[in-house]
Each structure stands twice: as structure tokens, then as C-alpha cells.
Amino acid sequence: MKLQFVEMSGFRGFRKRVRFDFPEGFAVLSGRNGAGKSTVLDAVDYALTGSINKFSVREAKGGGLDDHIWWIGPERPESYFVSVGFINDHQETFVVTRTPAGVDVDASEIARRLSKNGHQADTSVETLLRTALIRDELIASLSLDLPEQTRFTLVRDAIGHLVGSDYSERTAAIVTAANSAKSRQEGRARELQTELGSLLGQLTEARSATERSVDISENLRFIESQNISLPMDMAERLVALRKIVADRKTAIAEVEHARLLSQQLLPELAYLNSPQAQTDLHAARDAAEKANREQADANEKLASAVRLDQAERESDEFAAHLSALVEHGSALGLQEGHCPLCDAARTSKEFADSLALARTRLASRGERLTALAAPLADARRAATAAAEGATAAQSHLKHLEERHAATERNRSTIASTYARLKFQASPDDPASAEKAQFAEQGTIVRLERALSMLESSSAVDRVKALESRIASLREQIERESARLANTERAAELARQIENAARTVANQILTEQFDTVMPLLKELYRRLRPHADWTEIESNFGGKVRGSLNFVVGDGYNPQFLFSSGQRRAAGLAFLLAVHLSRPWCRWRTLLLDDPVQHIDDYRALNLVEVLAAIRRTSRQVIVAVEDPALADLLCRRLRSSAGGTGRIFELHTSKTGAPEIINERDIYPMPNLVLRSA
Amino acid sequence: MTDLRSSVQIVLQDAGYQTWLASIGGDTAIVFEDDAVMGFVCMFDEVASMLQRWRGMETALLAAHAPALHRGGEKAWNVYCVFLCSATLDEVSAREVRWIEEDLERTRKLAACGLGNREQVVNALLPLLPIQYQPVLDSEEFDLTHRLKRRIADIAPTAGDAALNEAVPATEVVRILGAQP
């Protein structure tokens with residue numbers, strides 16, 4: 001696969017559409033600074049990667065790289081794009097076009113097309129470009145002046161793809177799974193050990209319980225004597241007996257409570273059942289009846305007094321009216337022999353006597369009212385006193401009756417409690433009840449002890465069960481311990497495999513570099529960076545952090561020993577060796593952007609000879625140089641042949657300021673056997 | 001001298017050059033040419049002789065082949081004059097020999113001394129030769145999978161295939177590892 005063409009419009013300094021068709025052999029781009037030589041190579045970089053790797057700074061004041069990719073001058077271009085074409089030995093082509101909107105082929109497809117089968121997955125277009133395009137800006141910075149780890153990375157990326165799949169994730173997953181299995185197994189072993197500890201504790205308790213065991217049959221007989229029916233199964237029997245004991249304990253507690261209550265009732269019962277209590281009750285009833293009667297009498301007298309008082313008051317009202325009539329009749333006088341009030345025929349005397357009589361009666365009315373007030377007040381006081389006496393008598397009677405009722409209720413409650421609990425005792429006889437209660441408590445103690453004995457007898461079975469379970473558990477622990485040993489071994493082996501994957505990968509990489517080193521040494525010898533140190537050695541590898549150092553003479557570091565030009569020459573040897581050691585790469589084009597800056601004529605000539613040698617490996621070489629003489633030298637030495645001709649593009653800056661091609665010339669093969677004809 | 005002359009011709013012919021001998025005065029030179037490059041190889045017994053005579057030899061060779069070079073057109077710019085000596089040189093002479101190479105007048109000069117074997121001859125003629133070392137990196141020995149399987153087989157004999165097979169769950173690999181004898 002070789003570069004077939006680069007076409008662009010509106011890209012960097014090229015406003016107009018321009019196309020560079022490259023022959024299979026070589027191409028030389030020649031022109032002064034700013035003539036657009038590097039832009040042609042930038043176009044390849046940008047089309048494939050979407051960036052231009054010579055710019056280490058992407059953001060800056062006044063706009064970043066992305067703001068300067070496309071034409072920013074006056075007059076808008078007809079279009080904005082870069083297009084890069086490739087062609088293989090079978091004349092099959094492959095084109096990548098990138099516009100401001102994006103690229104028409106994604107990076108993985110580009111990497112797939114430009115890599116050999118089996119290496120596409122490991123290849124990035126950035127690595128591809130970094131090892132194919134050698135720029136002036138990168139010669140020093142990406143070679144000798146590179147930090148040793150970065151230099152290592154560059155070599156690893158270039159030659160390391162042949163190592164094959166990276167198993168770091170796979171082996172890490174195995175280590176994780178092994179550690180996880182080990183942790184699980186450790187957890188399981190811990191759980192079993194804890195369970196064993198618990199069982200051993202239970203076994204000790206059970207064994208102690210069996211030692212307390214006495215005659216079981218005696219206890220069973222006692223239980224039977226209590227008319228207690230129990231299941232045959234020992235476990236069920238224990239459960240039932242435990243419930244019976246608990247129930248009877250609850251019942252006897254209730255009996256005790258009732259009994260203590262009956263004890264408290266005893267003095268009250270003694271009084272209530274006595275003749276005095278009956279006498280007191282009858283007396284109270286009599287007193288209540290008498291008080292009621294007295295209250296009725298008092299009330300009757302009061303009513304009578306009230307009536308008298310009422311009648312007098314009504315009479316007093318009549319008298320007031322009569323007084324007014326008398327005064328009116330007196331004022332009118334007899335009217336033609338007739339009373340002016342009732343029109344009865346009266347004589348004057350009769351009329352005057354009647355008036356006098358009326359006035360006399362009216363004069364005595366105040367005295368009668370005063371005489372009636374005192375008996376009424378007395379009657380009222382007597383009625384009140386009688387009512388109070390009746391209330392007090394009723395209250396006393398009610399208290400006595402309530403006392404009888406309360407005592408009867410408590411007695412009834414105690415009796416019903418005894419009956420409900422089938423406790424044979426009288427509420428009136430707390431002493432007998434106490435005796436019966438103590439007897440029942442004695443029975444419960446016997447039952448509880450019998451229960452304990454029976455439980456002890458079950459402890460024998462429990463000991464056997466525990467011993468069996470412990471034996472089984474110990475076997476299980478043995479098996480789990482063996483499994484734990486397996487998981488520990490698996491974890492250790494997984495770690496060894498992970499280390500092996502890392503070590504083997506490093507070993508292979510080191511061996512690959514050792515395989516590449518003769519080529520690096522050859523290129524170093526060809527480029528002759530330094531007159532005295534004509535050989536170079538390397539120190540490659542490192543388990544923790546891979547590094548690559550170069551050494552000349554007796555262990556000297558050329559990075560700090562060589563001049564700028566010499567470092568560049570040595571750096572070129574390194575970069576070219578990396579480029580030539582990419583067996584994964586299908587793309588056989590070497591791109592060089594102004595590789596001879598700071599390099600003297602002699603070493604530039606060495607470089608040209610190296611490029612000529614590289615051309616003999618059927619690689620396409622495309623090189624941009626400023627010096628026209630060097631461009632001519634390249635055209636003569638890069639070996640144009642029938643299988644791979646050359647072409648030179650001479651570029652310059654046009655009147656508009658944009659670069660343009662002013663001359664494009666094919667380089668034809670040279671005549672053969674010139675000297676033979678001498 | 002004969003050995004060096006043979007060695008040079010063999011190395012050049014292996015690199016695709018045609019070679020033949022030509023007589024210049026009393027000396028014998030090797031003439032070589034391919035599609036792009038041509039030139040002459042002059043051999044000396046003594047370093048001093050080489051340092052003294054190289055320029056004269058260059059002039060004589062160019063003069064003798066002037067018509068042909070004229071016909072060669074652009075190719076005439078690609079003429080090499082190679083001066084070789086089997087004798088070893090001291091530090092001072094080494095610098096003088098290097099100056100011959102750094103003289104860019106007329107032809108491209110290569111100069112070397114102490115040539116006792118083929119490797120030294122190749123080194124001397126390196127600018128004329130194709131790339132000598134082509135690293136072969138895609139052999140089975142550089143296949144990580146292949147080598148790692150062998151290494152894993154040493155660690156856990158029955159896990160070699162399963163450990164690197166993504167289709168086998170990691171837990172199954174752990175089981176196999178745990179079952180190692």
C-alpha cells in the first residue's frame with residue numbers, strides 16, 4: 001500500500017483546489033519556507049488522524065489548532081476538504097476524505113486498511129502516522145531528547161504489535177476470580193469453624209445435663225399419678241409437660257391472688273354475717289322511714305302555711321281594690337239614693353256605714369299579714385330540716401346495703417376464680433384455700449423437677465445427635481479446608497500466570513528490540529552522527545517502567561554529549577529504524593518533512609544515501625526539502641526505476657500569498673552501464 | 001590485496017552492482033555501476049600511500065572515464081570514489097581519512113582502513129549498499145500467546161489452553177488451577 005495522491009482545497013495555506021499525484025517510487029517536495037511543502041504532509045496527517053501531530057500545543061491565545069486547520073484568508077475557497085488516496089500492488093485504491101464536518105472513513109477502518117491481517121485491532125492511526133511521518137519538529141523531540149520511558153513507548157507501539165493479544169485483562173480477571181473464590185472459601189471455612197465452636201459448647205452443656213439425670217421411671221409414675229396424659233414421643237412429651245407446668249404455674253399465681261383477697265374479706269364477712277350487722281341495717285331502714293315521714297309532715301305544714309299566706313295576700317289585693325272603691329264611692333257620694341259603686345238603693349246612713357265598715361276592714365289587713373309570716377318561716381325551716389334528716393338516713397342505709405353488695409361481689413369473684421381454676425376451696429375459708437394452694441405448688445415443683453429429669457434424659461439423645469453432627473461437621477471442615485487449599489493454590493497460580501503474561505510480553509518486546517537493534521546500529525553507522533563515536537548501543541527494558549537509553553563509547557549518553565545536529569542525525573537513525581521495523585504495517589511509505597535542518601552537508605548526504613537504501617526495500621519515499629540542490633540530489637539518488645519512478649513538485653508562494661505548484665516533473669530512470677562503455 | 005579486491009567485488013555484486021576491473025596507470029581499480037550509482041574502488045597497502053595518492057587517483061579515474069561520464073548525464077553526479085586500505089591506522093591518520101570523506105568536491109568519496117574481513121568491507125561500503133538488516137519480528141517465537149501458553153503449562157500443566165481462551169470463564173480457569181496436582 002502506497003500513497004497515491006493528496007488533494008485538498010481550503011486547507012491550511014492552500015485556498016484553491018490542488019492535487020499531488022505521487023508515483024510509486026518517490027516524490028520530492030521543494031520550495032522555500034511557507035511554500036506549502038509541509039502542508040502536503042500535514043494533509044496526510046490530518047486526513048487520517050483528524051489532527052496535526054507536529055503541534056504539541058492545541059490551544060493558544062488567538063485560537064487553537066482547530067481554528068487554523070482550514071483556510072482563514074480572504075476569498076472563500078470553493079470547498080474545504082483534504083483527500084488522501086492509497087493504492088496497493090493490485091491497483092486497488094482506498095481514499096480517505098476529511099472535511100470540517102468529519103471524515104468519511106472511521107479510524108478503525110483506516111487502521112484496518114493500512115495494517116496487515118491480524119494486527120488491525122492493535123493498531124491506531126496515530127501510531128501509524130507517528131512512525132510513518134518524520135518531521136523536523138519531531139526528529140529531535142521524539143528521538144534522542146525523548147524521555148527514556150516515552151522512547152520505550154514509541155518503540156513498543158511500533159514493534160510491539162507483533163506480540164499479539166494483550167492478556168493483561170484476561171489474567172487480571174483470572175486473578176480476581178481466584179481471589180474471589182479464595183475469599184468465599186475462607187468465609188465458608190470460618191462459618192463452619194464458628195458452627196463447630198457453637199456445637200462444642202452445646203455438647204458440653206448437654207453432657208453436663210446427662211450427668212444430672214436420675215430415675216426417669218419414678219418421675220413418669222409421678223406424672224401419671226397426677227392424671228396427666230402425655231404423648232409417647234419424648235420430644236412431644238417434654239413440650240406438653242413444659243406447657244402443663246407453665247399453665248399450672250399461671251393458675252396457682254391467680255389462685256394465690258384470689259386467696260389473698262379472700263383473706264382481706266374475712267373481717268368484713270365476719271361483721272356482715274353478725275346480728276349486729278342485721279340490727280344496724282334494720283335500724284337504718286327504720287330511721288330512713290321515720291325521716292321520710294317527718295319530711296312528709298313538715299312538707300304538709302309548710303304547704304298549709306303557704307296557702308294561708310297566699311290567701312291573705314290575695315285578700316290584701318282585694319282590699320287594695322276595695323280601698324280604691326271606698327275612696328271613689330266616698331268621693332262620689334250617694335247618687336239619687338243609689339250606691340255609685342253597685343247602684344243598690346241605699347240610704348245615706350247605710351251608705352256611710354258601709355264606707356266606715358270598709359275602712360275598718362282595710363285598717364286591720366297589715367296586722368293579719370304580719371301575724372302569718374312567722375308560722376310560714378317556721379314551717380319552711382322544719383321542712384328543710386326534715387329533708388336533710390331523710391337524706392342522711394337514706395345515705396346511711398345505702399352505705400350499709402352497698403357494703404353488703406361489694407363484699408358479696410368479691411366473694412363471688414373469688415368463688416368463680418376457684419371454680420374456673422378447679423381449685424377446691426371456699427372463699428369464706430382462706431386458711432383451707434391456703435393449704436390447698438401450698439399443696440398445689442408442691443405438686444408443681446414435683447412436676448417441674450420431673451420435667452427437668454425428663455429433659456436430662458433427652459440430653460443423652462441430644463449428646464448423641466451433637467456428637468454425630470460435630471463429627472460430620474469436622475469432616476465437612478476437612479473437605480472445605482482442602483478446597484481452601486485449592487483456592488489458595490489457584491490464587492497463587494493465577495498470580496504467577498499474571499506475572500508470566502507481563503514478563504513474557506516484556507521478554508518478547510526486549511527480544512524484538514534486540515532483533516531490531518542491528519538495523520538501528522546500521523542506520524547509525526550510515527548516518528555517522530559523530531566522527532569519534534561510530535557505534536551506538538542501547539539499554540532496553542525494565543520490569544516496572546520500560547525505558548530505552550542509548551549509549552556511546554564507554555557508557556556515555558549521546559543525549560547530553562552530541563551537538564544539536566548530531567542528536568538529530570542519531571535521532572533520525574532511531575526513527576528510521578522504528579519505521580523499518582513495522583512488520584504489522586501494510587502502508588510502505590516513508591514521509592519526511594524537512595529532515596536536514598541543522599545537519600551539515602556531509603550528514604545530509606549520508607541521509608540521502610540512507611533514503612536511497614530504503615528506496616531499495618520497495619518503499620515509497622516522499623520528502624520535503626527547502627534546498628533546491630538537495631532536492632536535485634534526492635531526485636538523482638532516490639533511484640527512479642521502471643517499477644518505481646520519481647516526481648518532483650516545486651512549490652512557491654503565489655502573488656495572492658497562497659502556495660501553488662509551479663513545476664511538476666517526472667524523474668526518469670538513469671542510463672545503464674555508463675562506465676562500461678568507456 | 002587480492003583478498004580485499006575479491007571481497008569488495010563480491011559485496012558490490014551482492015548489492016546488485018556490476019563490477020569489473022580497470023587499469024589506471026600502474027594501479028588496478030574496481031569499477032562498479034547499477035541503475036543509479038557508479039564509481040571506482042581503489043585499494044592501497046599503506047595508509048600513508050592512500051592519504052598521499054587518493055586525490056590523484058580520483059582525477060585520473062575521472063579523466064579516463066570523462067566521455068562516458070559525459071554521456072551519463074545526471075548519473076554523472078552519482079559517481080563514487082572509494083579508497084580502501086587493509087592496513088590499520090592511528091588516531092591522527094583516522095581523522096585524515098575522515099577528511100577524505102568530508103571532501104564533497106567532484107565525487108562522493110568513501111575511505112576506510114583496517115579492512116580484514118567481509119564485515120569491515122561491508123561497513124566501508126555501507127553508503128552504497130542496500131539496508132543490511134531486515135528484522136524479522138513475526139516469527140512464532142515472538143507470539144505472546146504461543147510462548148505464554150508454554151509458560152503457563154510450566155506453572156499449571158492443565159491450564160495452558162483454558163487460561164488464555166476468552167471463551168472459558170475465569171471461574172472455570174480458577175477451578176482448573178485449584179485442581180492442579
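First the proteins, then the strands, lettered A, B, ... as listed; each starts at 1.
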Subject >> Residues in residues 102-112 of chain B near chain A [non-hydrogen atoms, under 4.5 Å] >> reply: B:Glu102, B:Leu104, B:Arg108
Original post:
Would a distance-only check, ignoring hydrogens and angles, find a side-chain to backbone donor-acceptor pair under 3.5 Å from A:Arg616 to B:Ile131?
Top reply: no
Subject >> Choice from A:Ala173, A:Ala501, A:Ala485 maximising heavy atom contacts with chain B below 4.5 Å >> reply: A:Ala501
Subject >> Atom CD of B:Glu46 with >12 non-hydrogen neighbours under 6.0 angstrom >> reply: no
Original post:
So which heavy atom on A:Arg170 is nearest to which on B:Val173, and how close?
Top reply: NH2-CG2, 3.5 Å
Subject >> Part of A:Arg528 within contact of chain B (heavy atom distance under 4.5 Å) >> reply: side chain
Original post:
About how many Å separate CG of B:Leu144 and CD1 of A:Ile508, when rounded to the nearest 0.5 Å?
Top reply: 4.5 Å
**OP:** Check the surroundings of atom CD in A:Glu492: do more than 12 heavy atoms from other residues, nucleotides or ligands lie under 6.0 Å from it?
**Re:** yes
Subject >> pair B:Val174-A:Leu493: side-chain heavy atoms closer than 4.5 Å >> reply: no
Original post:
Within a reach of under 6.0 Å around CD of B:Glu119, are more than 12 heavy atoms found that belong to other residues, nucleotides or ligands?
Top reply: no
Original post:
If every non-hydrogen atom of A:Ala490 is compared with every non-hydrogen atom of B:Gly178, which pair is closest and at what distance?
Top reply: CB-N, 3.6 Å
Subject >> Residue, of B:Val79, B:Asn123, B:Val37, that accumulates the most heavy atom pairs under 4.5 Å with chain A >> reply: B:Asn123
**OP:** Give the member of A:Pro518, A:Ser640, A:Ala500, A:Ala178 that has the highest number of heavy-atom pairs under 4.5 Å with chain B.
**Re:** A:Pro518
Original post:
Does some side-chain heavy atom of A:Thr534 sit less than 4.5 Å from a side-chain heavy atom of B:Arg98?
Top reply: no
Original post:
Which distance, rounded to the nearest 0.5 Å, do you find between the CZ of B:Arg151 and the CG of A:Asn499?
Top reply: 11.0 Å
Subject >> Within-4.5 Å side-chain heavy-atom neighbours: B:Lys75 and A:Asn672 >> reply: yes
Original post:
Side chain, backbone, both or neither: which part of A:Thr617 has a heavy atom under 4.5 Å from chain B?
Top reply: side chain
Original post:
Are side-chain heavy atoms of B:Leu177 and A:Ile174 found at a separation under 4.5 Å?
Top reply: yes
Original post:
Between atom CG of A:Leu580 and atom OH of B:Tyr133, what is the distance when rounded to the nearest 0.5 Å?
Top reply: 14.5 Å
Original post:
Between B:Pro127 and A:Arg526, what is the shortest heavy-atom contact and its length?
Top reply: CA-NH1, 4.1 Å
Subject >> Heavy-atom contact with chain A under 4.5 Å, split by part of B:Ala153 >> reply: neither
Original post:
Which atoms of A:Pro669 come close to chain B, meaning under 4.5 Å heavy atom to heavy atom: side chain ones, backbone ones, both, or neither?
Top reply: neither
Original post:
Do side-chain atoms of B:Asn78 reach the backbone of A:Arg636 as a donor and acceptor pair under 3.5 angstrom?
Top reply: yes
Original post:
At what distance, to the nearest 0.5 angstrom, does CG of B:Leu129 lie from CD of A:Glu609?
Top reply: 10.5 Å
Original post:
Between B:Asp35, B:Leu128, B:Leu126, which residue shows the highest count of heavy-atom pairs closer than 4.5 Å to chain A?
Top reply: B:Leu126
**OP:** Would you mind checking which part of B:Ala15 comes under 4.5 Å of any heavy atom in chain A, side chain (CB onward), backbone (N, CA, C, O), both or neither?
**Re:** both
Subject >> Residue A:Ala181 versus chain B: region with a heavy atom under 4.5 Å >> reply: side chain
Subject >> Segment of B:Gln132 engaging chain A (4.5 angstrom heavy-atom cut-off) >> reply: both
Subject >> A:Tyr167 side chain to B:Thr145 side chain, donor-acceptor N/O pair below 3.5 angstrom >> reply: yes
Original post:
Which bit of A:Leu523 comes within less than 4.5 Å of chain B, counting heavy atoms only: side chain, backbone, both or neither?
Top reply: side chain
Subject >> Atom group of A:Leu605 that falls short of 4.5 Å from chain B, counting heavy atoms >> reply: side chain
**OP:** Could you tell me which of B:Ala159, B:Pro130, B:Gly72, B:Ala36 has the largest number of non-hydrogen atom pairs under 4.5 Å with chain A?
**Re:** B:Pro130
Original post:
Is there side-chain contact between B:Asp34 and A:Arg639, with heavy atoms separated by less than 4.5 Å?
Top reply: yes
Original post:
Once you round to the nearest 0.5 Å, how far does CD of B:Glu101 lie from CG of A:Asn606?
Top reply: 8.0 Å
Subject >> Atom group of B:Phe32 that falls short of 4.5 Å from chain A, counting heavy atoms >> reply: backbone
**OP:** Check B:Glu33 against A:Leu673 and note the closest heavy-atom contact, atom names and distance.
**Re:** OE2-N, 2.8 Å
Original post:
Rounded to the nearest 0.5 Å, what separation is found between the OG1 atom of A:Thr171 and the CG atom of B:Leu164?
Top reply: 8.5 Å
Original post:
Among B:Leu69, B:Ile176, B:Asn165, B:Thr171, who wins on heavy-atom pairs under 4.5 Å with chain A?
Top reply: B:Asn165
Original post:
With respect to chain B, which residue among A:Arg489, A:Glu522, A:Met670 yields the maximal number of heavy-atom pairs within a distance under 4.5 Å?
Top reply: A:Glu522
Original post:
In terms of heavy-atom contacts, does OH of A:Tyr668 have more than 12 from other residues, nucleotides or ligands at under 6.0 Å?
Top reply: no
**OP:** For residues 153-162 of chain B, pull every pair meeting side chain to side chain donor-acceptor pair (under 3.5 Å), keeping only residues two or more places apart or in separate chains.
**Re:** B:Thr158-B:Gln180
